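See structure below.
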Amino acid sequence: MRKLYKKELKEFFNLHSKDKIFMDVITPKSCGGGEGFKYLALLGDYVLNLTLFNYFSKKGIKNSGELTKKIQSVHNEWTLCQLGEFLEITNEMNPTDPNHKITDNELKESVEALIGANNKIHGLSKSELDVEKLIKIIDKNDFYDSNPVGELIEFFQDNGRTLLFPDPVRISKANEPPLFRCTIRESIMSKDFLIISEEFSRKCYARKDAAQKFLYDLGLTDKDGIGIKSRKKEVTTIPKQSLSSEDIIFSKSTIGGGYFKQEPMELSTEKGENIAEYTMRKVEKKPFFTLISLSGRLNTLSGSTWHTSLPNGELILLHLKLDEQDYFDIGLAESKSKAKKKVALKIIKNSNLIQWLKDNYREKMI
């Protein structure tokens, strides 16, 4: 099954024409969300347990212990994170801090929230059908949790020891894409072990990889690590400034630390999406940041902003440079954020940006 985009994601969970509730399920706290997200995630948590119980019961599993294991093999952070990345849910999330990377728990809870939203609108019978579709994806891609962490902890307990599993640590710099590594230093069966996981973009992957390597070194498995690669690769790039502040009498914008500033920013890539399609999808929600993102992706696009406060609102002057062509527009609104959005939408339309991308970057994928 191929990856889903917004419209398909909404249709997959039967949320088409339900824009408000869909916004709730993709808006955790880091994206400005609140009780709506928490409620749907909690509902989805309950519904997922119930639908999995019914699903595996119909498969003939009646033993309570075996049923619990089967449910936990699907309803866990590891499986739901992989499922969330497969469904490309993070593409629809917009953190208030552009440098924030959606956490494992936020991604897991968003999957649960999607299930909860489906149940709230359509009831349990429809939820069961959708969970069956999710299980098919999990089956096909082997997203099940083999739980090497639990197996390792149990092995220590059987040998009279308590394993305090260490938390993975971030090894990348603050201005670099998040990378985590898990290190275990332990002694058991009269032998010292130093286990170092591979580097992963999520803590849950690093934790599981370390546990799997430890089991391998103990001779309890023939699998040396989890062998997973992050579905998305992050790159660091620098947006470009096209003009100096002296050329215009407004003050150079310092809103949020300034825009189009020459500092590294994180951009996702290898998503298999044409850059023009990416832009059309993003401009509706975040037109201003879309321009900044494009300036980091394309050598032929750059920009600058100037700002001034007026008695009747905030005024932003935006300059956009496409190849050698310059465009200027202004946005006036009661707040800076609304002024940014207004001017960005105007300049995208007036510069015919989408057509320019189609004409010049027809084959460019991100």
Side-chain angles (χ1 to χ4, degrees), residues 1-52 54-55 71 74-98 100-138 141 143 145 201-202 204 231-232 268 271 273 278 280-286 289-290:
M1 182 175 180
R2 64 187 177 84
K3 296 178 286 188
L4 305 182
Y5 293 114
K6 178 178 178 179
K7 181 179 179 181
E8 296 166 301
L9 185 62
K10 292 171 73 173
E11 291 178 350
F12 185 95
F13 288 95
N14 298 285
L15 299 178
H16 38 279
S17 76
K18 302 293 182 180
D19 292 341
K20 172 62 172 65
I21 199 166
F22 183 76
M23 282 302 300
D24 281 340
V25 303
I26 60 170
T27 312
K29 184 177 180 180
S30 67
C31 299
E35 290 302 318
F37 178 84
K38 292 180 181 178
Y39 168 79
L40 292 172
L42 183 62
L43 176 61
D45 179 88
Y46 169 78
V47 170
L48 184 55
N49 277 334
L50 180 58
T51 52
L52 288 173
N54 293 338
Y55 176 84
I71 292 170
V74 173
H75 195 178
N76 61 81
E77 185 177 79
W78 164 262
T79 300
L80 295 188
C81 272
Q82 291 194 94
L83 191 59
E85 288 197 339
F86 180 88
L87 295 173
E88 295 288 337
I89 295 173
T90 53
N91 278 354
E92 307 306 328
M93 293 178 169
N94 292 290
T96 53
D97 177 0
H100 173 77
K101 182 177 177 63
I102 299 299
T103 66
D104 298 340
N105 190 59
E106 287 173 332
L107 185 56
K108 167 186 173 291
E109 288 190 339
S110 187
V111 175
E112 292 170 336
L114 283 162
I115 295 170
N118 174 275
N119 177 262
K120 182 177 176 64
I121 295 171
H122 302 290
L124 187 62
S125 60
K126 190 64 179 176
S127 296
E128 290 182 330
L129 292 175
D130 280 354
V131 169
E132 287 184 18
K133 290 193 295 184
L134 293 176
I135 290 176
K136 288 181 181 179
I137 296 175
I138 294 169
N141 296 277
F143 288 161
D145 183 12
S201 61
R202 295 197 175 276
C204 64
R231 184 171 296 276
K232 292 181 182 177
S268 59
K271 298 193 299 185
E273 187 177 13
Y278 160 86
M280 287 188 287
R281 183 168 60 83
K282 286 290 187 180
V283 293
E284 180 182 354
K285 289 183 183 178
K286 302 182 73 173
F289 184 75
T290 300

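Computed from a predicted structure; not experimentally measured.
Here the side chains of Glu132 and Thr51 are not in contact, with every heavy-atom distance at 4.5 Å or above. The closest side-chain heavy-atom distance from Met23 to Lys285 is below 4.5 Å. Two residues are said to be in side-chain contact when any heavy atoms from C-beta on lie closer than 4.5 Å; Leu114 and Leu15 meet this criterion. Annotation: side chain of Leu40 is in contact with side chain of Ile21 (closest heavy-atom distance under 4.5 Å). Under the 4.5 Å side-chain criterion, counting only non-hydrogen atoms from C-beta, Arg281 is in contact with Asn91. Contact of the Leu134 side chain with the Phe13 side chain is registered, since non-hydrogen atoms from C-beta on lie closer than 4.5 Å. Using a 4.5 Å heavy-atom threshold, the side chains of Leu48 and Val131 count as touching. Looking at heavy atoms from C-beta onward, Leu9 lies in side-chain contact with Phe22 at the 4.5 angstrom threshold.
Taking CG of Leu80 as the start and CG of Asn105 as the end, the distance is 10.5 Å to the nearest 0.5 Å. Distance check, rounded to the nearest 0.5 Å: CG of Asn49 to CD1 of Ile71 gives 6.0 Å. For the atom pair His100 NE2 and Asn94 CG, the distance stands at 11.5 Å (nearest 0.5 Å). Atom CD1 in Ile115 sits 7.5 Å away from atom NE2 in His75 (nearest 0.5 Å). The structure places SG of Cys204 at 8.5 Å from CG of Leu107, a figure rounded to the nearest 0.5 Å. With rounding to the nearest 0.5 angstrom, the OG1 atom of Thr290 is 12.5 Å from the CE atom of Met280.
With hydrogens and angles left out, the side-chain atoms of Gln82 and Asn141 include no donor and acceptor closer than 3.5 Å.
Using a 4.0 Å cut-off between charged side-chain N and carboxylate O, Lys101 and Glu106 make no salt bridge. The pair Lys108-Glu112 meets the salt-bridge criterion, with a side-chain N (NZ, NE, NH1 or NH2) lying under 4.0 Å from an Asp/Glu carboxylate O.
Counting all heavy atoms, side chain and backbone alike, Gly84 lies closest to Val111 at CA-CG2, 3.8 Å. Contact detail for Phe86 and Phe143: the closest heavy-atom pair is CB-CE1, 3.9 Å. Heavy-atom minimum distance, Ile102 versus Cys31: CD1-SG, 4.1 Å. Residue Met93 comes nearest to Pro28 through the heavy atom pair CE-CD, 4.3 Å, listed as atom of the first residue, atom of the second, then distance. The nearest pair of heavy atoms linking Ala117 to Val25 is CB-CG1, 3.7 Å.
Side-chain N or O atoms of Ser110 include none that pairs as donor or acceptor with a backbone N or O of Ile26 at under 3.5 Å. Under the 3.5 Å distance criterion, the side-chain polar atoms of Asp24 are left unmatched by any main-chain donor or acceptor of Gly36. With hydrogens and angles ignored, the 3.5 Å screen pairs a side-chain donor or acceptor of Thr96 with a backbone N or O of Ser30.
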Step by step, would you call Leu124 with Asn119 a side-chain contact (heavy atoms from CB on, under 4.5 Å)?
CA-CA 6 Å; Leu124 187 62; Asn119 177 262; 4.1 Å; yes
Test Ile121 against Asn14 for side-chain contact (heavy atoms from CB on, under 4.5 Å), laying out the working first.
CA-CA 9 Å; Ile121 295 171; Asn14 298 285; over 6 Å; no
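Within a 6.0 Å radius of NZ in Lys120, no more than 12 heavy atoms belonging to other residues, nucleotides or ligands are found. With a 6.0 Å radius and a threshold of 12 heavy atoms from other residues, nucleotides or ligands, Lys282 has its NZ atom above the threshold.
Geometrically, Lys133 engages Phe12 in a cation-pi contact defined by less than 6.0 Å to the ring centre and at most 45° from the axis.
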